[in-house]
Amino acid sequence: MAASAAVRSAVSLTQRFVRVSPDCSICPLYRLNACTGATDGFTAPSRRLRTSIGVWQSGDSSSPEEEERVVNVVYIDRCGQRIPVQARAGENALHLAHKHGVDLEGACEASLACSTLCHVYVSSEHYEKLPEPEEREDDMLDMAPMLQENSRLGCQIVLTPELDGMELTLPKVTRNFYVDGHVPKPH
Amino acid sequence: MVFLEALMLIFSSVSVGYKQTHHFQCFTKSQITHCLFISLHHFQARQDAAVDVYERLPVPFGLVRFGVAPDHPEVKNVINTFTQTAQHERCSFHGNVNVGKDVTIDELRQAYHAVVLSYGAEGNRSMGISGEDLPGVFSAKDFVGWYNGLPSNKELRPDLSCETAVILGQGNVALDVARILLAPVEMLKETDITQNALEALAGSKVRRVLIVGRRGPLQIACTIKELREMVNLPNTRADMLPADFEGIAEALKDLPRPRKRLTELMMKAAKEGGDDKAEKCWGFRFFRSPVEVIAGADGKRATGIRLALNKLEGSGESARAEVTGQLEDVDCGLIISSIGYKSIPIDPAVPFDPRRAIVPNEMGRVQDTAGLYCSGWVKRGPTGVIATTMNDSFDTARVLIQDMEAGKLDLSVNKPGAQAITALLQTRGVRTVLFSHWEKINAEEEKRGKFLGKPREKLLDVDEMLKIAWS
């Protein structure tokens with residue numbers, strides 16, 4: 001529900017306490033035994049959601065070719081700064097952002113109830129290559145401020161080789177007094 | 001190093017109504033969430049800041065505990081994260097303190113460098129119609145408080161023996177109430193809904209829920225997620241009036257995406273209805289305002305509601321409902337008004353704007369009162385999306401830090417903080433509940449819940465909570 005945005009931010013803020021890599025012991029999913037052990041993505045606990053992560057990983061083999069499927073992604077943060085990162089195919093865009101200190105929030109238990117936190121704009125030529133969003137992702141996107149045609153939720157973007165060169169732009173937050181120009185201090 | 005008792009947050013456990021029925025979007029919000037967002041921000045920014053949180057009930061978490069619907073447990077997972085914040089060495093929780101009664105704002109301001117009010121909106125707007133006080137009529141705030149175990153609503157005992165329930169208001173709270181009224185008991189019995197509510201709902205005869213709004217389908221305040229849950233509710237069908245949707249199809253193409261998707265889903269539900277064999281039904285009724293609650297022959301309880309039919313002037317979010325003079329009576333035995341919340345003044349020393357029902361402020365700095373801040377609904381009114389409210393807590397924290405750094409708060413003076421307040425409360429016979437005490441209450445609730453196959457069975461009685469807390 002809309003409410004879950006609170007969850008989203010909470011976990012992301014906790015992750016910030018812990019800095020970059022997720023600490024399983026503090027994750028609600030882990031504590032509720034709902035964690036699937038996937039460190040490259042998030043799968044939903046009780047809501048019977050299949051994220052594209054789950055689909056990808058089930059087909060993932062550990063062949064040498066897979067190891068070399070580097071996907072270059074550029075995050076463009078709220079100040080316009082470009083942060084190029086190298087990812088592996090199968091990684092999740094939100095997790096990747098956290099790994100590289102990109103200020104993309106996400107209290108992501110992948111319940112798809114938060115829309116504003118991991119909301120990103122996808123470069124248009126790559127947007128077309130993403131699988132269609134699930135209905136529930138669309139429902140959440142509806143609540144994102146500054147929604148655009150190329151908006152997606154970062155927690156639902158799984159990197160594939162054809163997304164090489166994708167740029168993910170973080171929307172400026174606008175629903176507060178500091179409309180533009182204000183840089184939220186890193187948590 | 002000067003140890004600063006930099007911040008104190010007050011929040012009273014707002015019953016329910018974490019979602020507002022304002023125009024475009026709905027959200028969940030809890031005071032504790034709010035306070036803890038502020039705290040988190042502070043702990044990161046200032047190594048010398050300490051935060052004390054005061055709460056009226058013995059239990060923390062406010063709306064996350066009392067507002068979020070029982071069948072939305074993933075939302076409550078945030079409690080784990082906030083628990084960690086509350087356990088931070090520079091944060092302490094003090095429950096069972098009624099600010100304004102047990103201790104005044106002035107006393108708190110003397111003990112702390114800064115005080116932040118984030119006590120939300122615990123009052124509700126009344127319909128202002130005759131018969132509103134009859135048995136059978138409830139505010140959504142109280143109804144949700146009843147099924148969520150808010151101590152002050154434990155004796156509500158709503159009579160669920162009627163066939164039709166009418167809900168006034170069409171925000172997410174209204175939809176939550178409708179969903180809980182019609183959800184199969186199998187769905188509810190493994191949630192943390194209170195046992196007495198569960199039993200009452202198991203014996204409920206309510207089969208039809210009408211969700212009534214003053215304006216039209218394009219002005220509805222709920223969000224698509226909640227609407228989808230209604231549409232997908234087992235053993236129910238949708239029952240709407242085609243007349244309410246006249247002209248809507250044509251307007252679709254010009255709507256922004258969120259409104260468009262929501263309206264499309266509504267129209268689909270209105271058109272398809274659902275399984276005719278479904279025992280229960282629900283539906284929106286548009287362009288209707290309540291004018292009177294109709295009492296039965298003995299005058300002792302509600303047996304119906306009289307609605308005035310409206311027409312719409314203008315369009316979009318700012319469309320207004322105008323009376324037509326036509327009336328319509330609906331038979332029903334349960335009436336729930338879900339038309340918005342209202343903050344109440346906490347202390348005569350704090351400025352309050354009764355018209356807007358907020359504490360007058362400039363960016364969270366309370367008017368004419370140095371060192372006093374406000375945040376959340378009590379600052380902005382019970383409106384805004386979750387992003388707004390969450391960012392609001394960050395804004396308040398930022399403003400506070402700015403003031404600290406700009407010397408607007410006199411940090412050169414040591415402040416005694418909780419030590420002084422706890423001592424003062426003791427002289428008044430008030431003992432506080434610390435977070436470790438809450439953890440005992442928590443353990444007891446989980447234990448009782450396990451016995452019933454639920455995540456917890458909430459304690460409903462404050463005295464019982466205190467007994468366990470201090471045992």
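Here is the naming used below: chain letters follow the sequence lines, and residue numbers restart at 1 for every chain.
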Residue pair A:Glu135 / B:Arg228: nearest heavy atoms and the distance that separates them: CD-NH1, 2.7 Å
Name the atoms and distances for all side-chain donor-acceptor pairs under 3.5 Å in residues 79-87 of chain A, with sequence neighbours left out.
{"from": "A:Arg82", "atom 1": "NH1", "to": "A:Glu167", "atom 2": "OE2", "distance (Å)": "3.3"}
{"from": "A:Arg82", "atom 1": "NH2", "to": "A:Glu167", "atom 2": "OE2", "distance (Å)": "2.7"}
{"from": "A:Gln86", "atom 1": "NE2", "to": "A:Asn72", "atom 2": "OD1", "distance (Å)": "3.4"}

Least distance between heavy atoms, A:Asp142 atom then B:Pro258 atom: O-CG, 3.1 Å
Between CD1 on residue B:Ile224 and CE on residue A:Met140, distance to nearest 0.5 Å: 9.0 Å
Crowding at CD, A:Gln148 (>12 non-hydrogen neighbours, <6.0 Å): yes
B:Lys268, NZ: over 12 other non-hydrogen atoms inside 6.0 angstrom: no
Short N-O contact, A:Asp138 and B:Arg257, less than 4.0 angstrom: yes
